[in-house]
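As C-alpha cells, the structure follows; a few thoughts come after it.
When a residue number appears, it is its place in the shown sequence, counting from 1.
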Amino acid sequence: MDEQALLGLNPNADADFRQRALAYFEQLKISQDAWQVCAEALAQSIYSDDHIKFFCFQVLEHQIKFKYSELTEVQQQLIRETLITWLQAQMLNPQPEKTFIRNKAAQVFALLFVTEYLTKWPKFFFDILSVVDLNPRGVDMYLRILMAVDAELVDRDVVHTSEASYYFAKHLNTLLKDTMREQCIPSLVESWYQILQNYQYNNSELTCQCLEVVGAYVSWIDLSLIANERFINMLLGHMSVEVLREEACDCLFEIVNKGMDPIDKTKLVESLCQVLQSAGLFSIDQEDDVDFLARFSKLVNGMGQALIASWTKLIKNGDMKSAQDTLQAIEAKVALMLQLLIHEDDDISSNIIGFCYDYLHILKQLSALSDQQKANVEAIMLAVMKKLTYDEEYNFENEGEDEAMFVEYRKQLKLLLDRLAQVSPELLLASVRRVFNTTLQNWQTTRFMEVEVAIRLLYMLAEALPVSHGAHFSGDVTKATALQDMMRTLVTSGVSAYQHTSVTLEFFETVVRYEKFFAVEPQHIPTVLMAFLDHRGLRHASPKVRSRTAYLFSRFVKSLNKQMNPFIEDVLNRIQDLLELSPPENGYQALLSSDDQLFIYETAGVLIVNSEYSAERKQVLMRNLLTPLMEKFKVLLEKLMMAQDEERQMALADCLNHAVGFASRTSKAFSNKQTVKQCGCSEVYLDCLQTFLPALSCPLQKEVLRSGVRTFLHRMIICLEEEVLPFIPSASEHMLKDCEAKDLQEFIPLINQITAKFKTQVSPFLQQMFMPLLRAIFEVLLLPAEENDQSAALEKQMLRRSYFAFLQTVTGSGMSEVIANQGAENVERVLFTVIQGAVDYPDPIAQKTCFIILSKLVELWGGKDGPVGFADFVYKHIVPACFLAPLKQTFDLADAQTVLALSECAVTLKTIHLKRGPECIQYLQQEYLPSLQVAPEIIQEFCQALQQPDAKVFKNYLKVFFQRAKP
C-alpha cells in the first residue's frame with residue numbers, strides 16, 4: 001500500500017495528506033484487487049495503526065456492498081476466511097481493538113451476512129459461535145455483530161435509492177428473518193442465556209450488551225423463547241443490580257411492547273408487575289437514581305399502554321369480563337403512574353405522560369366514573385398544575401437546550417390538561433379557579449413561578465374549554481361567570497406590576513386571548529391600556545417583553561375596535577416616541593426594534609381608520625403619523641447619495657427601507673368597508689409615493705431600496721387603485737435599469753398585479769413596456785454562468801417561471817393584443833420562448849404555465865379569424881409540443897407537478913380540437929401521429945378520446961397514452 005497516502009488517515013495530519021488519503025481511498029475502491037491487500041493486512045495484523053485498520057475495513061465494506069458479485073468463488077471464500085481469521089486474532093491480542101474498529105468490523109460481518117446467509121454461508125452464526133465460545137472479547141464481537149445484523153434487517157433509517165430498491169430490500173429482509181427464525185434463532189437465544197448467566201455478576205458491560213441484543217431481537221422473534229420463566233426471572237434479578245437495571249428495564253420494555261393476544265398480554269404484564277412490586281420497585285423515592293427511574297418510568301408507561309391496548313381490543317371483541325379484569329389491572333397502576341408523573345425530574349415525568357393520556361381517554365369513554373376514578377382525575381389535574389411550574393434554574397434571559405426541553409414538556413402537559421377538560425370540564429374549571437384566586441389574593445408575597453402558572457392555567461382554559469369565536473363570556477352561565485370573575489381579578493389585582501418577565505408576559509397574553517371580556521366589562525380597558533403603554537409593557541426593561549408586547553398591543557387594539565374611541569388621541573400621543581425612525585447612528589439604542597415598530601405603526605393606523613372621526617380629522621391624524629417619516633426619508637436619501645463608506649451606506653439604506661415599510665404597514669388598517677378614499681387619506685399616501693419613488697434612481701444599495709419601494713407599490717395598488725397608475729411608468733423604467741435576475745423576478749409580480757387589477761386600463765402602458773421588459777429578461781437569461789453554479793441556475797429557473805407567469809397574466813386578463821401589437825418578429829420570438837418552456841426545460845411548474853398560455857392563445861387566436869399564420873403555428877409547433885414534452889425522459893409521470901403540467905397539455909389539445917374541428921383530427925390521423933410511428937389502431941383510439949365531450953376522460957387517457965409510449 002501507499003504508505004505516504006496512509007499517513008493522511010491520521011486525524012491530526014495536515015490537509016494535503018488528508019486529501020491524498022481520500023484520493024487513495026477512491027483509487028482503491030475502483031481497483032480490481034486492492035481489497036485483497038486490505039484483507040491480507042487485516043488477517044495478518046500487518047498494521048498497528050488504528051486508522052489504517054479502519055481504512056482496510058472500509059475498503060472491504062465497499063467491495064462487499066457494491067462489487068461482490070464480480071468476485072470469483074475463491075475470492076469470496078477469501079473474504080469469509082479473512083474475517084474469521086481476524087475474529088480469532090481478537091481473542092489472542094494483548095489489547096482489545098478500539099471500539100470504532102470493532103463496530104466497523106461488525107458492520108462488515110453484517111453486510112456479508114445479508115449477502116451470503118441464504119446461499120453460501122448458512123452456518124454464519126454457528127461459525128462465529130464456534131470461534132468465540134465464551135471468551136469475553138469474542139462475546140463482545142459476537143454481540144456487536146448481532147446488533148449490526150439487526151440494524152441491517154430492521155432499521156427503518158436505511159436509505160434506499162428508489163422505491164424498487166426499497167421493496168427489494170424489504171423482501172430480502174423478510175426472507176432473512178424467516179430463515180433465521182427457522183434455522184438458528186433458538187440457538188442464538190440459548191447463547192444469550194449462557195452469556196447472561198456466565199457474565200451477570202462479573203462483567204456488567206457484556207451483560208448490558210447482551211440485554212440490548214435481546215431487546216432488539218425480541219420484536220421479531222418468537223416471544224415464548226424470551227418471555228418464559230428462566231429468562232424473565234433472570235431479567236427481574238437484574239432489576240435489583242445497579243449496573244444492570246437500566247438495560248434490564250429497556251429489555252423488559254421491548255418484551256411488553258411486543259404485539260400479542262390481549263388476554264396473554266394482560267397476564268404477562270400482571271406477572272411482571274407482581275414481581276417488580278414485591279421487589280419494592282413500586283415505591284418511588286425522589287432520591288433514587290434518576291437515570292434508572294427515567295427507564296423505569298418508560299417501562300411502566302409501556303406496561304400501562306399495553307394494558308390499555310388490550311382493554312380496547314377486548315371491548316371491541318365484546319369480551320366484557322376480560323375487559324373488566326384488564327381495567328382493574330390498569331387502575332392498580334394509577335398510583336404508581338402518579339408518583340412518576342409528579343416526580344421532580346421532568347424526563348421521568350415526561351416518560352409516563354402517554355399512559356396518563358390514554359388512561360384519561362378510557363375514562364372519557366365510561367358512562368359514569370367511580371369515586372376512585374374521580375379522585376384519580378383530580379390527582380392528575382393537581383400533578384399537571386404542579387409540573388407546569390417553572391423551576392428556579394430556568395434562564396429567561398438566555399434560553400438554552402434545557403429551557404427548550406421544558407417548553408416541549410409543557411406542551412405535553414397542555415395535551416393532558418385538554419384531555420382532563422374532556423373527562424371533567426367542571427372539575428378542571430373549579431380547580432383552576434381555586435388555584436388562581438388563592439394565588440392572586442397574595443401575589444405580592446408569592447414566588448413568580450406560582451403566579452405565572454396561576455395566570456397560565458387561566459390562559460390554557462381558553463383552549464381546554466373551547467368555544468366558537470372566543471365567546472367565553474356568553475352561553476354556559478357557570479363557566480362564563482367563573483371566567484369573568486377570574487379576568488376581573490386579573491386586571492384589577494395589580495399583578496401586571498409583578499417584577500418578573502414571565503408573569504408580565506403571561507398577563508398580556510391572557511388579556512389578549514380573552515379580549516371579549518372587555519366587551520362585557522369595558523370599564524377595565526383604560527387600566528389595561530396603561531399597562532401596555534408604560535414600564536410594564538412597551539417600556540419594560542426587558543427587550544423580550546417590549547417586543548412581544550408590541551405584537552400583543554396591536555392585536556388588543558384591533559380586537560376592541562370601536563371601544564377604543566374614547567382613548568384614540570391619548571394613545572397616539574403616548575406612543576409618539578415609539579414611532580420615531582431610529583437614526584443609523586452608532587450607539588443609539590431604540591426601545592423597539594424596527595420589526596416591533598411595524599406593529600406600533602399598524603396599531604396607529606388601525607386607531608385612526610377605525611375611529612368615528614370625520615374624514616378630515618382622519619386625514620390630519622394620518623398626515624401627522626406619516627409626515628415625520630417622509631421628512632426623515634428625504635434627509636436620509638440625501639445623506640445616502642453622499643455616503644462613501646459601504647457600511648454607512650448599508651445602515652442608511654436599511655433606515656430608508658424601514659421608513660417605507662412603516663408607511664406601508666399603516667395601510668393594512670384599511671378595508672373594503674373603510675377604504676383610503678372614504679377616510680380621506682389618498683392624498684397623504686400619494687405624497688408618500690412621491691417621496692419614496694426617487695429612491696429607485698439611487699445608484700447605491702439598489703437591492704434594498706428597490707425591494708422596499710416595490711412592496712409599498714404593491715400595497716398602494718390595492719389601497720389607492722387607479723390613483724396609483726400615473727406613478728407606474730416611471731417607477732417601472734427605474735426598476736428595469738441595471739437589473740439582475742432577482743430584481744426582475746421580484747418586479748414581475750408587481751406588473752402582474754397591475755395587469756390583473758386594471759386590465760385594459762393599463763394596456764397602453766403594457767404595450768409600451770412589454771418589449772423593454774422582455775429584452776431585460778432575455779438579456780439576464782442569456783448571461784453565461786459557471787457550470788456548477790447552483791444558485792445562478794436556480795435564479796434563472798425562477799426568472800423563467802416569473803416570465804411565463806407574466807405572459808399568463810397578460811393572456812389571461814384578455815389583453816392578448818398587448819402581445820399581438822409588438823410586431824410579427826417579436827410576436828414570433830415570444831411564441832417560440834413559450835414552446836421552448838413547454839418542451840425543453842425540465843421544470844414542470846414552468847411547463848404547466850406554458851401550456852396554460854398556449855391553450856389561451858389558441859382559444860383567442862386559433863379560430864378562422866385569428867392572426868395570419870397562427871393556424872400554421874398551431875400545427876407546426878403547438879401540437880408537436882404537446883407530444884414532445886411528455887415523451888421526454890425528464891417528464892416524470894409519477895411526479896404530482898408533472899401530472900398537473902400534463903393536465904394543461906390535455907387542455908391545450910382539447911382547445912385546438914375545439915377551435916379547428918375535424919381539420920385537427922385529420923392532421924393528427926394523417927400527418928402528425930404517423931410521423932411518430934404510432935400504430936394505426938392507437939391513432940384511432942387517441943382521436944376518439946380527444947373527441948370525447950368530457951375533458952376528464954381525455955386527461956386520463958393522455959396519461960395512459962404516454963405511460964405506454966415511454967420505454
Glu746: what forms a salt bridge (Lys or Arg N to Asp or Glu O under 4.0 Å) with it, not counting sequence neighbours? Arg710, Lys742
Rounded to the nearest 0.5 Å, how far apart are CD of Gln745 and OG of Ser802? 4.5 Å
Decide yes or no for Thr911 and Leu854: does some side-chain heavy atom of the first lie under 4.5 Å from some side-chain heavy atom of the second? no
Let's go through Lys632 and Glu580 carefully: what are the C-alpha distance in whole Å and the side-chain angles of both, what is the deciding distance for salt bridge (Lys or Arg N to Asp or Glu O under 4.0 Å) to 0.1 Å, and is it a yes or a no? CA-CA 10 Å; Lys632 206 72 169 280; Glu580 279 181 29; 5.8 Å; no
Assert yes or no for the condition that the ring centre distance of Phe770 to Phe806 is strictly below 6.0 Å. yes
Find out whether Leu860 and Lys856 are in side-chain contact, i.e. whether some heavy atom of one side chain is under 4.5 Å from a heavy atom of the other. yes
side-chain hydrogen bond (donor to acceptor under 3.5 Å, both in side chains) with Glu602: of Gln597, Lys558, Lys668, only one passes, and it is Lys558
Arg801: partners by side-chain hydrogen bond (donor to acceptor under 3.5 Å, both in side chains), with sequence neighbours left out: Asp843
Single hit among Lys618, Lys677, Arg623 for salt bridge (charged side-chain N to carboxylate O under 4.0 Å, His left out) with Glu683: Arg623
Ignoring hydrogens, what is the shortest heavy-atom contact between Val780 and Glu740? Give both atom names and the distance. CG2-C, 4.4 Å
Smallest heavy-atom separation, Leu736 atom then Ala776 atom, equals CD2-CB, 4.3 Å
Side chains of Ser593 and Asp596: donor-acceptor distance under 3.5 Å anywhere? yes
Check whether any side-chain heavy atom of Tyr514 sits under 4.5 Å from a side-chain heavy atom of Leu490, and report yes or no. no
Under a 4.5 Å cut-off applied to non-hydrogen side-chain atoms, are Leu579 and Leu629 in contact? no
Arg513 to Tyr459, cation-pi by 6.0 Å centre distance and 45° axis angle: yes
For Lys915, does the NZ atom have more than 12 heavy-atom neighbours from other residues, nucleotides or ligands under 6.0 Å away? yes
Might you point out which heavy atoms bring Ala805 and Thr849 nearest each other, and give the distance in Å? N-CG2, 4.0 Å
Ignoring hydrogens and angles, state whether a donor on the side chain of Ser664 or Tyr601 is under 3.5 Å from an acceptor on the partner side chain. no
Tell me, do Val830 and Tyr803 make a side-chain contact under 4.5 Å, heavy atoms counted? yes
Do the charged groups of Lys737 and Asp743 touch, with an N to O distance under 4.0 Å? no
Working for salt bridge (Lys or Arg N to Asp or Glu O under 4.0 Å), residues Arg536 and Asp534: CA-CA 5 Å; Arg536 291 168 287 177; Asp534 65 20; 2.7 Å; yes
Cut-off 3.5 Å, side chains only: do Ser813 and Lys759 have a donor facing an acceptor? no
Among Phe517, Phe518, Phe508, ring pair (Phe, Tyr, Trp, His ring centres under 6.0 Å) partner for Phe556: Phe518
Surrounding CD of Gln768 (heavy atoms of other residues, nucleotides or ligands, distance under 6.0 Å), is the total greater than 12? no
Residues 711-728 vs side-chain hydrogen bond (donor to acceptor under 3.5 Å, both in side chains), sequence neighbours excluded, gives Ser667-Arg715, Ser682-Glu723, His714-Gln753, Glu721-Lys757
Begin with the C-alpha distance, continue with both residues' side-chain angles, and end with the deciding distance and a verdict on salt bridge (Lys or Arg N to Asp or Glu O under 4.0 Å) for Arg574 and Glu569. CA-CA 9 Å; Arg574 286 175 189 273; Glu569 301 221 20; over 6 Å; no
Closest heavy-atom contact between Arg546 and Leu591? NE-O, 2.6 Å
Give, for atom CD of Gln761 and atom CE of Met815, the distance between the pair rounded to the nearest 0.5 Å. 10.0 Å
Would the number of heavy atoms belonging to other residues, nucleotides or ligands and lying under 6.0 Å from CE of Met630 be above 12? yes
Polar contact flag, side-chain donor to acceptor under 3.5 angstrom, Glu817-Ser763: yes
For Asp476, which residues count as a salt bridge (Lys or Arg N to Asp or Glu O under 4.0 Å) partner, sequence neighbours excluded? none
If you define the side chain from C-beta out and look only at heavy atoms, does anything of Lys479 sit under 4.5 Å from Leu429? yes
Which residues pass the salt bridge (Lys or Arg N to Asp or Glu O under 4.0 Å) test with Asp418, sequence neighbours left out? Lys414
Which residues pass the salt bridge (Lys or Arg N to Asp or Glu O under 4.0 Å) test with Lys562, not counting sequence neighbours? none
Strictly under 6.0 Å, is that where the ring centroids of Phe553 and Phe599 end up? no
Does Ile600 reach the side chain of Leu538, with side-chain heavy atoms less than 4.5 Å apart? yes
